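In what follows, a structure is listed as structure tokens, so that the remarks can point back to it.
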Amino acid sequence: MKNKVWLSFLIVVVVSLVAVVLGYIAPPESVDHHMSHHYHEHTKYTEHEEGSDNVDITRHKSVSKVVSPIPSDTEVDKKLAKIGWLLFKDPGLSSNNQISCESCHQLSTNGAERTEISTGVGGQGTRNSLTVFNVAHNYRFFWDGRANSLADQLDGPVHNVLEMDSDWNRITDYIEGSALYQKQFSDAGLNIDEANVKKALVEFMNALTTPNSQFDQYLRGDQAALNAQQLRGWETFQKEGCITCHRGTNIGGGMMMRFGFFGEDKMGNQRSDDKGRFQFTEQAKDMYLFRVASLRNVAKTAPYFHDGKTQTLKEAIKIMGESQLGKTLDSQSIDDIHAFLTTLSGPQPAILEEFANGKE
């Protein structure tokens, strides 16, 4: 009897594991994101690839497991975040005292930059800036996904000679020489050192969320939040397979996918010399791998993609259909998906107004 029970248990475990690999069961939230998406980095796994042109992903996963609204009750240490806000806007952190974090991630607009390529202290750059809004809900950073936390990614722009061309010793020396920062750190009960500078910046960036978009309202049960076309766009977004990669709270921001999955003639080296993650790892399997961008506020973050060469959202949708889904989307589908994507825009992060008005 005991042997039969154990055999039944093992069968259930094996079937469950197979189901996870095939994509029919969403990995539990407690599983480390890096491991749970390792398989998805180089493959695609929905029924759409297996021959079905009319996939309803909700047949196998509830929408709440695939996407979720941005929480509106994020806890923030206001004193610490206020220091991060000051640091984020301060060009004194760069080697030429002219480039701040905000230079490439503009807080007054979309958390990114409207130019194709962001440039640093030497007036040069290589990639389009990603928005800093809602980064708290990403678990990969940079277009090549080389960092897995906000704290780790801070080293990138600080040390990069094309960006801030600085170092943490120089930055802490600069901060220690400022009466303003001395008071701010003292009031927060913190020493001025690299760890606390990073801590302040991370706390501020974690607060840059844009909750309560139309789509968030819809996810919370307001069926009237989306109009008919936006609802069609949401259904098309699921049916065509966009949700395979654009999922989670940020509708993206975690997975790595090959740009030009269905052939380099759809993008590859025809767009730029940027080989994506390969430039960081130098492994052939990482050629043209890029982080799947978050679609939160995507209607406001043109130009698009790592090279910033695509100026309109509708053109970006068309390109994604061809390069990532292997199909030419008709104009109605593009219009509907576009309408849906506009519902992902939320109000500016509330903390920005608080700090600008002198509140804490």
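The structure presented is a predicted model; accordingly, all values stated were derived computationally and were not measured. One is the number of the first residue; the rest follow in order along the sequence.
- In summary, the side chains of S333 and D336 do not present any donor paired with an acceptor at a separation below 3.5 Å, with no hydrogens or angles considered.
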Quiz item: Are Q348 and F133 close enough, and set up right, to give a side chain to side chain contact (heavy atoms under 4.5 Å, CB included), and what steps lead you there?
Solution: CA-CA 9 Å; Q348 291 286 100; F133 291 168; 3.5 Å; yes

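- Side-chain atoms of Y181 and D90 form a donor-acceptor pair, as typed in the model, at a separation below 3.5 Å.
- Both L201 and L190 are assigned to one and the same hydrophobic cluster, defined by single-linkage of ILVMFWY side chains at heavy-atom distances under 4.5 Å.
- Using a cutoff of 4.0 Å between basic side-chain nitrogens and carboxylate oxygens, E203 and K199 are not scored as salt-bridged.
- Contact check on D155 versus K198 returns a salt bridge, with a Lys/Arg side-chain nitrogen under 4.0 Å from an Asp/Glu carboxylate oxygen.
- Using a cutoff of 4.0 Å between basic side-chain nitrogens and carboxylate oxygens, D335 and K314 are scored as salt-bridged.
- In this structure the side chain of F305 never reaches within 4.5 angstrom of the side chain of F290, judged on heavy atoms.
- Within the 4.5 Å cutoff, no side-chain heavy atoms of F141 are placed close to those of L154.
- Annotation: E282, atom CD; neighbour count of heavy atoms from other residues, nucleotides and ligands within 6.0 Å does not exceed 12.
- In this structure, a donor-acceptor pair under 3.5 Å is absent between the side chains of S166 and S94.
- Remark: the N110 side chain and the Q106 side chain contain no N/O donor-acceptor pair separated by less than 3.5 Å.
- Among pairs with a residue in residues 101-129, those fulfilling salt bridge (charged side-chain N to carboxylate O under 4.0 Å, His left out) read K89-E102, R127-D144, R127-D274, at least two apart in sequence or across chains.
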Exercise. Show your working on side chain to side chain contact (heavy atoms under 4.5 Å, CB included) between F215 and I251 and close with a plain yes or no.
Key: CA-CA 11 Å; F215 189 56; I251 326 295; 4.3 Å; yes

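- Salt bridge annotation for D216-R296: present, with a cationic side-chain nitrogen under 4.0 angstrom from a carboxylate oxygen.
- Here the closest heavy-atom approach between residue M256 and residue G145 is recorded as SD-CA, 3.8 Å.
- In this structure, E354 pairs ionically with K78, as a charged nitrogen and a carboxylate oxygen lie closer than 4.0 Å.
- Judged purely by distance below 3.5 Å, without hydrogens or angles, the side chains of T210 and N134 pair a donor atom with an acceptor atom.
- Residue N191 places its CG atom among 12 or fewer non-hydrogen atoms of other residues, nucleotides or ligands, all under 6.0 Å distant.
- Using cut-offs of 30° and 60° for the angle between ring planes, the F88 and H105 rings count as tilted.
- A side chain to side chain contact (heavy atoms under 4.5 Å, CB included) with V158 is found for exactly one of I171, D165, L93, namely I171.
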